[in-house]
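Read the structure below first, then the notes.
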Amino acid sequence: METQHSAYVGDFQGERAVWLKHGPYEAALLPELGGNLILFRDVEKGFKYLREPEEGEMEDFKANPGIYGIPVLIPPNRYDGGKFAWEGKEYRLPVNETDRGNHLHGYMHTIPWRVEYIKGDEYESVVVISQKVGEGHLYKQYFPFDFTVTLRYTLNAEGLHQKVTIVNDGKENMPNLLAFHTAINAPFVPGSKASDYTFKVTIGERREMDERMLPTGRFQPLSAEEELMKTEGVSPYFAEMDNHYTASPQNGRNRMELTDNRTGDVLVYDVGTSYKHWMIWNNGASGKFFCPEPQTNLVNAPNITGLPAEEIGLFGLQPGERWEETSSFYALKR
């Protein structure tokens with residue numbers, strides 16, 4: 001039953017959804033559609049922080065699930081020819097970006113997830129979902145390891161919190177390759193325009209990409225606007241962006257801050273320092289939304305030689321080992 005503080009199974013545009021409500025906030029997750037946390041709103045203020053499917057957009061969402069809400073990507077981004085090398089073996093993923101000859105983003109954001117837990121009370125509202133990949137699971141044909149991924153979303157007075165856990169259930173080491181293609185509305189305040197917005201993000205250096213959007217191993221000089229991304233902020237639409245950066249935490253935090261300069265409202269997306277890279281994509285500088293994507297590994301990392309594994313975020317999990325990281329969204333007023 002829906003109350004001010006609640007978690008319940010309901011409906012979102014005809015799809016089964018888990019709704020979380022707490023104080024002024026609400027969020028909704030679609031278990032059958034990639035486990036996507038599809039909306040995060042401040043209902044009292046009318047703010048919609050995430051790009052969500054509006055009325056009539058569900059078919060577009062189903063066709064393009066990676067550019068709404070918070071899609072989970074395993075393995076993230078591009079792999080040359082669909083192949084990746086790992087501990088002396090070569091694995092192959094389908095080439096689903098045919099114009100560039102790459103595998104792109106995996107399929108975890110397109111398949112149904114299992115709902116493990118739902119609870120809401122005056123302290124917090126929670127949903128936990130999981131994927132247990134093992135014998136008989138369709139994901140084994142793409143990513144042939146035994147593992148469990150768990151996503152826990154918590155909504156409370158402080159905002160929206162995400163905890164991701166990956167456990168190696170198999171008998172051999174497995175690569176830990178993960179990102180979130182988080183789609184942020186800019187503007188998120190009713191009555192504001194794209195030109196009212198600036199953002200900051202804890203980037204370090206920009207990696208050079210070739211014509212197939214694979215890293216060359218070199219860095220590119222940052223433009224004046226990109227330098228502003230690290231300091232006082234710049235429009236998220238200053239140019240078309242599909243850019244790959246190293247993460248460079250500031251004051252112990254790895255985060256993106258989006259400011260509405262008309263109202264002083266700020267959205268902070270604070271991600272863990274295990275994310276060694278950021279992808280920033282703004283849909284051709286559309287003026288509607290952009291994607292600051294925290295990513296554990298460099299694009300095409302398993303196929304890259306000559307760079308330290310720690311630097312490129314290429315790390316594995318031994319049998320029975322687990323990896324966890326947390327992220328949060330919260331609001332400020334300036």
Would you say [X] and [Y] make side-chain contact, with heavy atoms under 4.5 Å?
X	Y	answer
T182	F290	no
R334	E257	yes
H22	D121	no
M279	V299	yes
C291	I184	no
R207	Y245	no
M256	V268	no
R322	T165	yes

Hey, is the main chain of [Y] close enough, under 3.5 Å, to the side chain of [X] for a donor-acceptor pair?
X	Y	answer
T326	Q162	no
N261	D196	yes
Y237	F289	yes
N168	G170	yes
N185	K48	yes
N300	L214	no
N254	G272	yes

Electrostatic pair R206:E226 at N-O distance under 4.0 angstrom: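 Yes, R206 and E226 are salt-bridged.
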
Pairing residues for E57 by the salt bridge (charged side-chain N to carboxylate O under 4.0 Å, His left out) criterion, not counting sequence neighbours: none

Would [X] end up clustered with [Y] when hydrophobic side chains under 4.5 Å apart are linked, directly or stepwise?
X	Y	answer
Y8	W113	no
Y153	L155	yes
F12	L29	no
V149	L317	yes

Heavy-atom neighbours of Q141 CD exceed 12 at 6.0 Å: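 Yes, CD of Q141 has more than 12 neighbouring heavy atoms, counting only those of other groups under 6.0 Å.
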
Residues, nucleotides or ligands: over 12 heavy atoms within 6.0 Å of R100 CZ: yes

Over 60° means perpendicular and under 30° means parallel, so classify the ring planes of [Y] and [X], tilted if in between.
X	Y	answer
H181	H105	perpendicular
Y139	Y107	perpendicular
F145	Y91	tilted
Y25	F40	tilted
Y269	F329	parallel
H244	H277	tilted

Stepwise side-chain hydrogen bond (donor to acceptor under 3.5 Å, both in side chains) test for T216 and D210: CA-CA 6 Å; T216 65; D210 66 17; over 6 Å; no

side-chain hydrogen bond (donor to acceptor under 3.5 Å, both in side chains) assessment of E97 paired with N102: CA-CA 5 Å; E97 189 184 40; N102 299 319; 3.1 Å; yes

